[in-house]
Amino acid sequence: MAFYITTPIYYVNDEPHIGHAYTTIIADIFSRYHRLFGEDSFLLTGTDEHGQKVQAAAKARDLDPQTHVDQMVVRFQDAWRELEIQNDIFMRTTEPFHYSVVQQCLQELYDRDEIYLHEYEGWYSVSEEIFYTDKDLVDGKSPTGKVVQRVVEKNYFFRMSKYQQRLIDYINANPSFLQPDGKRSEILGFLRQPLNDLCISRPVARLNWGIPLPFDDQYVTYVWFDALINYVSAIGYRQGPEREAEFNKWWPAAVHLIGKDILTTHAVYWPTMLMALGIALPKAVFAHGWWLNSTGEKMSKSEGTVIKPAEVVQKIGVEQFRYFLAREIVFGNDAKFSYDGLVQRLNAELANNLGNLLSRSIQLVTKNFAGEVPALSATPAPESVALSAQIGATATIVRREIVALSPSTAIGAVIELLSATNRYFDSQAPWKAVKEDPSRAAECLYTVLDVLRAAATMLSPVMPNKCAAIRSRLGLEPIGSWEDASRSGMMRGGSTLVFGEPVFPRLEVAKVG
Ligand code: MSP
């Protein structure tokens with residue numbers, strides 16, 4: 001099985017913030033889970049480097065645009081390295097191979113009369129790089145409140161309207177294509193109005209930082225038309241027979257992860273472009289919600305309410321940050337970012353539920369069993385059997401929820417398992433039992449350590465290094481297999497545990513917030 005997942009390619013001018021980090025971390029988590037399940041996985045992220053804003057920013061810095069983007073892109077690359085993103089490609093739209101693919105697509109569509117020249121009058125939003133008609137405007141601004149300017153010009157158009165019915169039929173026939181469900185209804189609602197053709201060019205006079213149209217050098221390609229094609233150019237589309245197998249292996253993508261702000265481009269422009277090019281549609285487009293600031297507003301650069309990932313990481317640790325982002329939001333919904341919420345969640349679930357259980361059980365084994373894992377009991381008590389059985393049941397839920405694109409629920413299932421284990425640990429009270437009935441204490445400790453072993457693997461795509469550290473404490477090799485995570489009784493009696501500092505130190509609001 002091949003699993004191809006993409007993040008949006010981010011505007012290279014922007015500074016990486018928590019929203020970008022969110023999509024990218026979740027995509028990385030999905031990719032790592034699929035690999036753990038034994039599949040081949042390919043994760044694409046990258047930067048969108050053409051367009052008016054980039055041209056203007058380069059000019060303001062007195063640099064040519066390529067030098068400007070070469071400098072800016074490093075911030076994203078560094079940020080993703082710091083957040084432990086294992087991307088298989090970092091796609092840049094200024095790569096020569098991408099340039100060539102976009103031009104080939106344009107030429108083919110032009111030759112087939114899917115693209116035509118037309119004089120056009122409309123409203124243009126520079127910040128969104130989108131054209132609007134009179135009826136699109138709300139109080140003289142774009143539907144999202146951006147300033148627009150009146151523009152009359154000749155441009156090239158893609159016959160998007162021609163594909164309207166086919167797209168509606170496709171969405172209806174493939175309910176998992178647009179997710180979550182609310183987004184499917186939103187797009188179907190949008191498609192009840194007649195769909196316009198899509199303007200895919202910009203006159204060189206206004207914008208020259210883009211890919212020239214191969215059939216008219218007075219124009220460059222509209223940035224979205226250029227950017228969306230990255231999802232196929234990255235994996236070898238139209239790059240000769242040597243890369244054909246690669247393309248066929250990964251395409252159609254399993255999922256394009258996006259924020260809800262760019263749903264129309266991914267759910268309408270991109271599928272109709274693919275239809276015109278005769279390429280299969282991605283299996284799913286999932287639009288997630290927004291991270292808002294602690295008072296529930298959109299983070300704003302000008303008001304200084306944007307949260308920078310590096311800041312949070314420095315306070316709480318990189319893998320705790322990955323965990324929090326994936327766990328806190330029911331995937332698809334909006335959420336407020338607050339340090340209070342973060343500290344509460346991490347202390348309850350990582351420091352207490354997981355970390356404390358690990359320390360306490362290792363400590364008891366160290367003290368009472370010379371640090372050696374007790375052997376698996378031949379006649380375990382029903383409570384121990386029941387808890388052990390929960391390992392396999394949990395792994396099944398985790399896998400199902402990850403496949404269903406629901407990371408928070410998947411993690412929640414592991415937390416449930418750990419809560420049940422804590423209840424079992426408390427009711428068995430091995431610290432007391434060890435005096436009266438050492439074999440019962442041994443059985444309890446074995447069972448708890450065995451859950452921790454499996455849980456560490458189940459959470460490893462979220463927190464790779466922390467989970468490897470937990471496994472090392474348990475005397476295991478740092479990386480476990482999914483098969484191993486799905487079974488109980490895999491802890492080896494007699495292996496030596498390592499007692500050490502807490503893997504997840506408790507956080508204090510006063511220090512973090
Ligand atoms: N360049 C386009 C995408 C082209 S894809 C072919 C673009 N770039 S962007 O830099 O503006 O990134 C937008 C994406 O960043 C959103 O779709 C979302 O994935 C992420 N987020 C940005 N802010 C966000 C929040 N506050 N919360 C969650 N994610 C958000 O659009």
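Counting convention: from 1, in listed order, for ligands and their atoms alike. Quick note: numbers below take in every heavy atom, side chains included, and nothing from hydrogens, waters or symmetry partners.
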- Would you mind running through ligand 1 and noting each atom that sits below 4.0 Å from a heavy atom of Tyr231? 5 (S), 6 (C)

- Task: For the pair Glu186 and Lys183, find out whether any cationic side-chain nitrogen is under 4.0 Å from an anionic carboxylate oxygen.
- Result: yes

- Message: For Trp270, state whether at least one heavy atom is located under 4.0 Å from any atom of ligand 1.
- Response: no

- Which protein non-hydrogen atom lies closest to atom 24 (C) of ligand 1, naming both residue and atom, and how far is it? Trp290 CZ3, 2.9 Å

- Task: Answer yes or no: is there an ion pair linking Lys53 with Asp14, defined by an N-O contact shorter than 4.0 Å?
- Result: no

- Message: Just to be sure I read this right, does ligand 1 sit under 4.0 Å from the backbone of His266, its side chain, both, or neither, counting only heavy atoms?
- Response: side chain

- Task: Would you please say whether a donor-acceptor pair under 3.5 Å links the side chains of His288 and Thr23?
- Result: yes

- Message: So if I count the atoms of ligand 1 from 1 in the order they appear, which ones are less than 4.0 Å from some heavy atom of Asp48?
- Response: 1 (N), 2 (C), 4 (C)

- Message: Show me which atoms of ligand 1 lie under 4.0 Å from any heavy atom of His17.
- Response: 22 (C), 23 (N), 24 (C)

- Task: Would you check if there is a donor-acceptor pair between the side chains of Asp197 and His118 at a distance under 3.5 Å?
- Result: no

- Those atoms of ligand 1 less than 4.0 Å from some heavy atom in Asp261: 13 (C), 16 (C), 17 (O)

- Query: In terms of atom number and element, which parts of ligand 1 are under 4.0 angstrom from non-hydrogen atoms of Ala227?
  - Reply: 6 (C)

- Looking only at protein heavy atoms, identify the closest one to atom 21 (N) of ligand 1 and say how far it is in Å. Gly19 C, 3.6 Å

- Message: If you measure every N or O of Trp224 against every N or O of ligand 1, does any of those distances drop under 3.5 Å?
- Response: no

- Item | Per-atom contacts of ligand 1 with Gly289, taking only distances under 4.0 Å to non-hydrogen atoms | 28 (C)

- With a cut-off of under 6.0 Å to the ring centre and 45° to the axis, is Arg238 in cation-pi contact with Phe97? no

- Message: Check this for me, if you would: do Arg322 and Glu319 make a salt bridge, where the nitrogen-to-carboxylate-oxygen distance has to be below 4.0 angstrom?
- Response: no

- Note on the structure: Min over Thr6, Ile262, Ile9, Val223 of heavy-atom distance to atom 2 (C) of ligand 1 lands on Ile9

- Phe42 and Trp250 aromatic ring geometry - parallel, tilted or perpendicular at 30°/60° bounds: tilted

- Axial cation check for Phe37 ring with Arg399, 6.0 Å and 45° limits: yes

- Message: Less than 6.0 angstrom from the centroid, inside 45 degrees of the normal: does Lys466 satisfy that with respect to the ring of Phe504?
- Response: yes

- CG on Leu167 to OG1 on Thr272, rounded to 0.5 Å: 7.0 Å

- Message: If you take the nearest heavy atom of each of His20, Lys298, His288, which one is closest to atom 29 (N) of ligand 1?
- Response: His288

- Query: Between Tyr11 and ligand 1, does any nitrogen or oxygen pair lie at a separation below 3.5 Å?
  - Reply: yes

- Query: In the protein, what heavy atom is nearest to atom 19 (O) of ligand 1, and what distance, to one decimal place, separates them?
  - Reply: Thr23 OG1, 2.7 Å

- Under a 4.0 Å N-O cut-off, is there an ion pair linking Asp88 with Arg35? yes

- Give yes or no for whether the N/O distance cutoff of 3.5 Å, strictly under, is met between Ile258 and ligand 1. no

- Of all the atoms in ligand 1, which lie at a distance below 4.0 Å from a heavy atom belonging to Asp14? 10 (O)

- Hey, could you give me the CD/NZ distance between Glu15 and Lys308, rounded to the nearest 0.5 Å? 5.0 Å

- Note on the structure: Of all protein heavy atoms, the one nearest atom 14 (C) of ligand 1 is Tyr10 CE2, 3.9 Å

- Note on the structure: min-distance protein heavy atom vs atom 27 (N) of ligand 1 -> Trp291 N, 2.9 Å

